[in-house]
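Comments concern the structure below.
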Amino acid sequence: MSAPEVPASLRSWMSAVSEIVRSVNAAEPLEKVLTRVAEQACELIGFEFCAVMLADERGECLHIAGCSGLTPDYLAQVSDGGSLRIRPPGPDLDTPAARAYREDRTIVVCDVRTALSYGRLRHLAPTQGYQALLAAPLRGSGDLAGVIVAYSVTARQFTGPELELIELLGGQAAVALETARLRSEQQEVIRELSRANDELRRGRAVLEWAEQQHHQLMQLVLDEAGLPGLVSALASALHASVTVEDIDGRVLASAPAEGYCPPPSPAVRWARTARGALKAQEISGRRYMVARVPGPDAKGRPAAAGPAAWAAPVVVGGELAGRLWVTAPPADPEPVQLRVIERFALVVALLMLQQRHLLDVQSRLSGDLLGDLLADGGPVRPRTVLDRAAALGHDLSRPHVLSLLTVEGAVPPAVRLPELARAAAEPGPVPLVGPYDGTCVLLLPAEPDPGDALRRVLAKAEHAVGRRGTVTVVAGPVAPDLAAYLTAFRVARGAAALRRASGLGGFVDVGRLGLSALLLETGTPDALRRFAATVLRHVEAHEERHGGDLLATLQAWLSAGCSTAAAADALVVHRNTVTYRLSRIEQLTGRSLRDSSVRLELQLALTIREILRAGAPG
């Protein structure tokens with residue numbers, strides 16, 4: 001049986017979070033709050049049963065503090081003194097929940113019948129009637145409090161979004177526990193310090209401020225305000241500058257518009273003191289812990305006594321995806337303000353996760369479209385292909401340049417080439433990007449010239465891949481209509497294969513080769529290389545022994561339409577010099593340049609030679 005689809009829309013998630021927050025803010029009993037968390041897990045992800053388990057004060061056993069759908073018999077069996085021991089003496093008494101708590105990570109059991117390392121499941125699972133489960137720790141800003149366990153009545157494989165949601169719900173449960181603990185501590189302070197009215201009023205105002213910010217955060221998300229709206233709201237609440245950047249330091253959103261103070265420069269943030277704070281933050285895993293980063297001194301040098309900034313990690317899929325920075329606040333943020341920053345970072349991660357899913361869908365749709373566009377014989381239904389491209393924001397009725405992005409070697413898992421190419425092409429037109437035939441295909445409007453955008457794509461890809469691989473970007477021919485894309489792809493693919501054979505990578509422009517580019521459609525790299533070597537062998541040997549500019553002169557003459565005067569002007573030499581050099585080339589090759597077939601062979605040989613060299617032709 002296939003796993004049910006997870007209703008992972010941001011609106012459904014935020015509605016569930018708001019329900020949990022309302023329960024916490026209404027001071028409902030902890031059991032009722034955690035039961036509501038369990039109910040939301042069943043409703044959001046599609047599980048039949050769910051339980052929120054907390055560790056006892058001695059850290060020896062887990063007990064169910066809130067649940068949904070569990071029978072009294074099962075609850076009685078689990079309540080047995082040794083049922084959920086956190087550190088049992090052997091596997092016969094172990095459970096996935098205990099292991100998730102011990103190892104502080106999500107445990108997946110796709111079929112309890114094959115989970116031989118959890119002996120207690122043989123007795124517990126039949127009582128309730130489940131065959132698969134997920135157990136995720138309750139991670140907050142404090143110590144690990146317990147686990148959330150979701151059960152399925154059928155054996156199943158769990159998807160990435162299901163794991164994300166159960167872990168995020170575990171985070172919300174941890175936040176609920178922390179909020180309940182804070183509320184309890186506040187009530188204890190009220191009882192013990194009844195005379196300190198001023199301090200109590202201040203504490204209440206701070207708490208109300210935090211709740212107000214949280215409600216505003218939820219409303220902004222439900223109103224789909226996006227990153228700019230979230231960042232502007234946080235900057236206004238803290239009277240500070242706020243910046244969200246990705247893992248490469250690219251600013252995604254910032255506020256306020258006037259008086260904005262950017263985050264520390266790379267030289268400052270990666271100085272010894274600041275680097276230690278940020279590294280400690282990353283080691284903390286998925287916890288949204290805010291780190292204090294010392295700023296520069298009056299001369300711009302890193303200094304522990306300089307004005308500080310605060311950074312919260314933005315974590316998506318267990319990986320650091322960026323940071324939320326708070327700079328130039330009127331005073332160091334108080335603990336409750338730090339928690340507000342952490343909550344904003346959590347919502348930023350949700351938005352980035354949603355955006356990542358949208359980009360994945362867009363890449364799949366683009367790949368399917370390219371598959372139809374580049375099929376043998378051309379598109380079967382051209383009008384449909386144009387309509388699908390228009391739905392993705394691209395007008396393929398206009399001439400486009402077909403380009404390829406290839407990587408020889410390992411691509412890091414975090415690098416998404418289509419997403420990278422779209423971002424690097426900015427601020428120009430966004431390309432239609434998708435995978436096809438083992439390459440990453442990019443379609444960019446022929447006007448304006450996409451050369452600069454493609455070079456930015458190359459630089460971005462080389463930076464992302466590093467020394468793990470060799471990156472090649474081929475700017476192929478212009479496709480004036482749908483029927484021309486297949487030929488353009490074959491030409492670009494041939495140039496990419498030829499460039500890979502040289503082991504160089506880099507940027508190759510075959511868009512201005514005219515008919516000579518057609519040779520790249522069918523020729524293999526070895527055959528093309530042998531052809532060029534044979535045609536130019538004697539001229540290259542002469543230049544190696546005596547030097548000179550014979551090949552450069554030949555290229556200039558052919559590019560100038562075989563005009564001696566134009567070639568002389570381009571080379572800044574006398575016409576007689578060009579005439580002499582061309583005569584010398586005829587002697588070395590034994591061929592007459594008056595023969596048009598000879599000129600074509602020489603042009604093709606020079607083209608192949610340039611592709612194999614580090615420089616780009618054209």
Side-chain angles (χ1 to χ4, degrees), residues 3 30-31 34-35 37-42 45-140 143-159 162-174 177 285-286:
L30 183 59
E31 180 181 357
L34 297 181
T35 296
V37 172
E39 292 171 348
Q40 293 293 347
C42 292
I45 314 178
F47 289 102
E48 286 78 13
F49 323 115
C50 185
V52 179
M53 304 178 183
L54 303 181
D56 59 19
E57 293 182 357
R58 301 172 64 180
E60 295 178 350
C61 293
L62 296 169
H63 65 90
I64 296 179
C67 66
S68 174
L70 298 181
T71 64
D73 290 342
Y74 184 78
L75 292 174
Q77 187 173 358
V78 172
S79 299
D80 178 27
S83 286
L84 296 176
R85 297 173 64 178
I86 294 175
R87 295 174 179 80
D92 288 340
L93 296 177
D94 203 4
T95 62
R99 186 180 176 188
Y101 183 88
R102 287 196 308 270
E103 299 180 7
D104 190 12
R105 66 184 182 92
T106 300
I107 299 299
V108 178
V109 177
C110 298
D111 191 340
V112 299
R113 293 168 295 187
T114 60
L116 303 180
S117 57
Y118 307 108
R120 287 294 297 167
L121 287 183
R122 292 195 299 271
H123 306 287
L124 295 174
T127 303
Q128 183 63 39
Y130 57 82
Q131 294 189 25
L133 62 86
L134 288 176
L138 306 185
R139 296 189 184 95
D143 295 331
L144 194 63
V147 295
I148 182 171
V149 186
Y151 309 89
S152 172
V153 297
T154 59
R156 56 191 270 197
Q157 296 291 328
F158 296 100
T159 65
E162 288 176 318
L163 296 177
E164 289 285 345
L165 283 175
I166 196 67
E167 291 171 354
L168 289 172
L169 276 172
Q172 284 298 315
L177 288 168
R286 296 191 180 188

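Hydrogens, waters and symmetry mates play no part in the numbers below; they use all other heavy atoms, side chains included. Positions are given from 1, in the same order as the sequence printed here.
F158 CZ to L134 CG: the interatomic distance, rounded to the nearest 0.5 Å, is 4.0 Å. Summarising the geometry, atom OH belonging to Y74 is positioned 10.0 Å from atom SG belonging to C67; distances are rounded to the nearest 0.5 Å. To the nearest 0.5 Å, atoms CG (D92) and CZ (R122) are separated by 5.5 Å. Distance check, rounded to the nearest 0.5 Å: CG of L75 to CG of L70 gives 5.5 Å. Rounding to the nearest 0.5 Å places CG of L133 at 6.0 Å from CG of L121. Interatomic distance, CG of L34 versus CD1 of I148, reported as 9.0 Å (0.5 Å rounding).
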>> I'd like to know whether Y130 forms a side chain to side chain contact (heavy atoms under 4.5 Å, CB included) with T154, so could you lay out the CA-CA distance, the side-chain angles of the two residues, the decisive distance to 0.1 Å, and finally the verdict.
In response: CA-CA 7 Å; Y130 57 82; T154 59; over 6 Å; no

>> Checking V149 against V147 for the side chain to side chain contact (heavy atoms under 4.5 Å, CB included) test, could you report, in this order, the C-alpha distance in whole Å, the side-chain angles of both residues, the deciding distance, and whether it holds?
In response: CA-CA 6 Å; V149 186; V147 295; 4.0 Å; yes

>> Is there a side chain to side chain contact (heavy atoms under 4.5 Å, CB included) between E162 and T159? Walk through the geometry before answering.
In response: CA-CA 5 Å; E162 288 176 318; T159 65; 3.2 Å; yes

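Nearest heavy-atom pair, T95 versus R120, reported as atom, atom and distance to 0.1 Å: CG2-CB, 3.5 Å. Pairing each heavy atom of V112 with each of A125, the nearest pair is CG2-CB, 4.1 Å. In plain terms, the two heavy atoms of R156 and G46 that are nearest each other are NH1-O, 4.1 Å. For A136 against T106, the heavy-atom pair with the smallest separation is CB-OG1, 3.7 Å. Of all heavy-atom pairs spanning H123 and Q77, the tightest one is O-NE2, 3.1 Å. Between A135 and A100, the closest heavy-atom pair is O-CB, 3.6 Å.
Here the side chains of R102 and P137 are not in contact, with every heavy-atom distance at 4.5 Å or above. Between L84 and C61 the shortest side-chain heavy-atom distance does not fall below 4.5 Å.
The local environment of CD in E60 is crowded, with over 12 non-hydrogen atoms from other residues, nucleotides or ligands closer than 6.0 Å.
Salt-bridge annotation for D56 and R58: absent, with no side-chain N of the basic residue lying under 4.0 Å from a carboxylate O of the acidic one. For D94 and R87, the salt-bridge test fails: no basic side-chain N is under 4.0 Å from an acidic carboxylate O. Between D104 and R139 there is a salt bridge, with a side-chain nitrogen of the basic residue lying less than 4.0 Å from a carboxylate oxygen of the acidic one.
Donor-acceptor pairing under 3.5 Å is lacking for the side chains of S152 and Q131.
Q40 places no side-chain N or O within donor-acceptor distance of the main-chain N or O of V37, the cut-off being under 3.5 Å. With hydrogens and angles ignored, the 3.5 Å screen pairs no side-chain donor or acceptor of R99 with any backbone N or O of I107.
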Side chains of residues 47-55: which donor-acceptor pairs under 3.5 Å do they make with residues two or more places apart or in other chains?
unit_1 : atom_1 : unit_2 : atom_2 : d
E48    : OE1    : V153   : N      : 3.1

